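One structure is given here, and the rest of the page talks about it.
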Amino acid sequence: MASKGWFNLDTVAGTIPETQFFEGDSAFSFLGLTRMQRIYGFVGCEAIGFVLSILGTVLLFIGATGSFAALYAVGTVISLVGTGFLIGFTKQIKLMFKPVRVVATILFLASIVLIFVGAFVIGSDILCIIFVVIEYLAYTWYCLSYIPYARSAVLKVVGM
């Protein structure tokens, strides 16, 4: 009997094992996508989001603050949409606002808004960079909450 983890011979043979990522309905189940198509959608959204965020960052360093804010925020949102292919939006929102993640989630979402405020309302490149760093740190802390003991390990490494 094969194991049901991600790293097993069934995966190598081309079949996707049953995991928590595919339980329940995806946000895109009405499209009738197969599991492999959902994985492609996830990877595609992550790649597009990453490219847009990098392009936005390049624009920031050449002085186009408004374009930076738009591309970086859209890239981040597209990356978040990608997880809808795996677990669905409803489940993702429920997981984001669990007590263990709520502070990181609020900081992450607020920093996306603050990037726009820094770019379009205040017009400060420095504030945009600060908000991007806050967003990145909040998202990292949010992601670490899904890995058992990862937050504890990071706190030990930084001496807290």
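Owing to the predicted nature of the structure, the values given are computational and were not obtained by experimental measurement.
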> Any link between Y72 and V117 through a network of hydrophobic side chains (Ile, Leu, Val, Met, Phe, Trp, Tyr) touching at under 4.5 Å?
Replying inline: yes
> Pairs in or reaching into residues 94-127: which pass ring pair (Phe, Tyr, Trp, His ring centres under 6.0 Å), with residues at least two apart or in two chains?
Replying inline: F108-Y139, F116-F120
>> Let me confirm one number: the CD1-CG distance from I112 to L107, rounded to the nearest 0.5 Å.
In response: 11.5 Å
Show the atom names and distances, to 0.1 Å, of all donor-acceptor pairs under 3.5 Å that link a side chain in residues 52-69 to residues at least two apart or in another chain.
unit_1: S53; atom_1: OG; unit_2: G49; atom_2: O; d: 3.0
unit_1: T57; atom_1: OG1; unit_2: S53; atom_2: O; d: 2.8
unit_1: T65; atom_1: OG1; unit_2: D125; atom_2: OD1; d: 2.2

>> Tell me whether V102 shares a hydrophobic cluster with L114, the cluster being built from Ile, Leu, Val, Met, Phe, Trp, Tyr side chains joined at under 4.5 Å.
In response: no
>> Side chains of K98 and R101, heavy atoms from C-beta outward: is any pair under 4.5 Å?
In response: yes
>> Per the side chain to side chain donor-acceptor pair (under 3.5 Å) rule, what does the pair list look like for residues 126-138, sequence neighbours excluded?
In response: T76-E135
> Hydrophobic clusters join Ile, Leu, Val, Met, Phe, Trp and Tyr when side-chain heavy atoms are under 4.5 Å apart, directly or via other members; which others share one with V157?
Replying inline: none
> Are F50 and V133 co-members of a hydrophobic cluster defined by side-chain heavy atoms under 4.5 Å apart?
Replying inline: no
> Which value, rounded to the nearest 0.5 Å, describes the distance between S124 atom OG and F131 atom CZ?
Replying inline: 8.0 Å
>> Hydrophobic clusters here meaning ILVMFWY residues chained together by side-chain heavy-atom distances under 4.5 Å, can you tell me if I106 and Y142 are in one?
In response: yes
>> Is there a path of hydrophobic side-chain contacts, each under 4.5 Å between heavy atoms, that joins V121 and I126?
In response: yes
> Can you list the residues that meet the side chain to side chain contact (heavy atoms under 4.5 Å, CB included) rule with A110, with sequence neighbours excluded?
Replying inline: none
> Got V154 and R151 here, is their nearest side-chain heavy-atom distance under 4.5 Å?
Replying inline: no
> Does some side-chain heavy atom of Y40 sit less than 4.5 Å from a side-chain heavy atom of M36?
Replying inline: yes
> Can you name the side chain to side chain contact (heavy atoms under 4.5 Å, CB included) partners of Q92, sequence neighbours left out?
Replying inline: L80, T83, I87, F89, M96
>> On a heavy-atom basis, which atom in C45 and which in G82 lie closest, and how many Å separate them?
In response: CB-CA, 3.5 Å
>> Going by the rule side chain to side chain contact (heavy atoms under 4.5 Å, CB included), which residues pair with S152 if we only count those two or more places apart in sequence or in a different chain?
In response: none
> At what distance, to the nearest 0.5 angstrom, does CD1 of I134 lie from CD1 of I115?
Replying inline: 9.0 Å
